[in-house]
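First the structure, in the form of structure tokens, and then the observations on it.
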Amino acid sequence: MKLLNKVLEAALEDAIQAAQDSGKLPPFVIPRIPVSAPKRAGQGDLSYPAMGLAKLARKSPLDIANLIVGNMRELDFPCELKVAPPGFINCFFADEFLRLQVDAMIEAGDALFRLDIGRGKRAQVEFVSANPSGPITIGHTRGAVVGDAMARLLEAAGYEVQREYYYNNAGAQMVKLGRSLMLRYQQQLGDDVQLPADYYQGEYLVAAAADLVAEHGDTLRGESWERFKDAAESRMFDWIKRSLASIDIKHDAFYNETSLFESGKIWSVLDAMRGNGHIYQAAHWEGADETEIDDVRSKSYQPATWFRSTSFGDEKDRVMVKSDGAPTYTLPDIAYHSDKLERGFDIAVNVLGADHFSQAQVVSYGIEALGMNPEPIQVIFNQMVRAVRWNEETGEYEAVKQSKRAGEFDTLDDLVAMTGADAVRYHMLARSPNSQLDFDVDQVVKQSNENPVYYIQNAYVRCAGIFREAEERGFDDADADLNHLGEEELKFIRKALELGNVIEQAVVHYEPHKIAFFAHELAAVFHPIYDRARVLHSEVPVDAAKARLRFYRAAAVAFRRLLRLMGMSAPERM
RNA sequence: GCCUCUGUAGCUCAGUGGACAGAGCACCGGUCUUCUAAACCGUUGGUCGCAGGUUCGAGUCCUGCCAGGGGCGCCA
């Protein structure tokens, strides 16, 4: 299905051009013609404010609007154009066109409003990317939900999409994880050993140790920490994948940071940056002030390898290779993103927490230093998310501790157990990424009966109920005449036709939350109609009933499509 | 101090430079003999943080200020 506002935009531009050619409008460079759906009923289905041309054309907006309408060619879709003060051109879809859309929607099915803006293009979404040192926390969950919804929307826009997970199983944290499990294992065997305070205290390692004892007895006593690290890691990854699968999220590829070391990619990238004149050796960065220089002296650092990121607008240069010869995290990160671009993705979306802002910026500078265009790399920064609970004693909200312990309501598993996969997905998605999110667990549970989640799903359930009942009664819509549809049903079709633009906007601006709000709006149009436009009711004439049954099939397609775009289930009954 | 996000109804939040600023929750009052009332109908609720500026037009763009979150490491 075409994006109708794009069709109208093109036609309006042609009309302006035609008016200019015939001398009715003076020559000027035609600016962007923004056509959008007006907020208010009575202002049409699509609208263009011609006021913006007043200065260019040196005419009154009303005159301009009338001139444009007078020069319009016939559109692909039947509609009526009306001019409204102070200079709007409003487009009203013809009823016959809307009736045609009912069957078009049913035919489109799960591919409803699959766009062609990404046709032949490849997109990648990198998200979650938590290192395998513990369970998926509430913070990771937001990234997971937003990233997967973004991937689904890109697919809807026609892109071939890959979901990738980037991780590091090498660093000091993983050593600590291995040693933590080793100590827990020894404790299970009755040894009197203590876990240092900065080790992983989570209960899940106690369970892992118990499993090791059950499986291997005491035969692992004396094994190195690496053996335990491997055991912990594979257990953690299994857990992470299982948790993500519980909210219907699956990655296509897992990219290990270590491979960038093994392939030598980080060094070739560093050489390339050096070749472009952006790398230097020094004890402190070139623009260091006295405080920084004193600090370096006090640590008696040997020279390190610096990236002159200030050339690209950074506030200070960044270390790529430490004085001990080990790369910082940033170098492999730059190498990883250059690898992404070399793999030929037209778009590489990166879903990160807001705390990675500076890091992402340095990576972008690094890509520039390689002589590559960083533009395909787009980052969605999610602001902080935390689980909160109401504290009766203090009378305020308190953050649930980030303990990584089961039962503390701060892991994905806990959230799903308490509220359900669909509720987690909806509440995590239905917020602008720029907005901080306090996930009030008690509230989500308490309100579950009057939740937007169920409000939307119930629209689909109600359709499914009609189909079930119709089948039982042997009633079908085979020869339905859609002329029997009323204003209200057509109003729903009008609203549903906005879905294409919502998908387009969500993709172009990397704002997957738009789909969640639209789903709620569409449900709000649906429910009153369901109440009034009954199908299997003795007072409803057969012709109207058939038309309505056909209509509800289209509505079900729309809701199913929306729910799937959000990664939510479309249940047949509640 | 610098960078960045946020500030819109009692609460949680939407809001492509356009028309009279919108939802949900909460509150109050009504609706089920027909496809599930997890719904519908109605009422109440606003100095869009403050002050300037740009514009025919600003919740939206710019500047300054106030308040809150996040980031400013030879950690990852």
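Chain naming here is simple, since letters A, B, ... match the order of the sequence lines and numbering starts at 1 in each. These figures come from a predicted structure and were not determined experimentally.
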Closest listed nucleotide, where the reference is the side chain of A/Lys322 and the choices are B/A19, B/C75, B/U6: B/C75
Separation of the C1' atoms in B/C62 and B/A23, to the nearest angstrom: 30 Å
Between A/Tyr460 and A/Glu572, a side-chain donor and acceptor under 3.5 Å: yes
Test item: side-chain donor near acceptor, A/Gln173 and A/Ser133, under 3.5 Å: no
B/C5 glycosidic torsion: syn (within 90° of 0) vs anti: anti
P spacing across the pair B/A26 / B/C11, given as an integer number of angstrom: 16 Å
Test: A/Lys82 cationic atom under 6.0 Å from A/Phe92 six-membered ring centre, within 45° of axis: yes
B/C56 versus B/C27 - spacing of their C1' atoms, nearest Å: 42 Å
Separation of the C1' atoms in B/C13 and B/C48, to the nearest angstrom: 13 Å
Touch class at under 4.0 angstrom, heavy-atom based, for A/Asn131 against every strand present: sugar-phosphate
Any-strand Watson-Crick or G-U partner of B/G52, both distances under 3.5 Å: B/C62
A/Gln457-A/Asp422 side chain donor-acceptor pair, cut-off 3.5 Å: yes
Closest listed nucleotide, where the reference is the side chain of A/Glu315 and the choices are B/U36, B/C2, B/G68: B/C2
Residue A/Arg40, side-chain atoms from C-beta onward, closest of B/U12, B/C74, B/G22: B/G22
Phosphate OP1/OP2 of B/U36: any A/Arg462 side-chain N/O under 4.0 Å: no
Donor-acceptor side-chain pairing of A/His527 and A/Arg462 below 3.5 angstrom: yes
Integer angstrom distance from the P of B/G45 to that of B/A21: 14 Å
Distance between P atoms of B/C61 and B/C5 (Å, rounded): 10 Å
Nearest-nucleotide pick for A/His520, side chain only, options being B/C74, B/C41, B/A23: B/A23
Euclidean distance for P, B/U55 against B/G42 (whole angstrom): 43 Å
Whole-Å P distance, B/A51 and B/G59: 13 Å
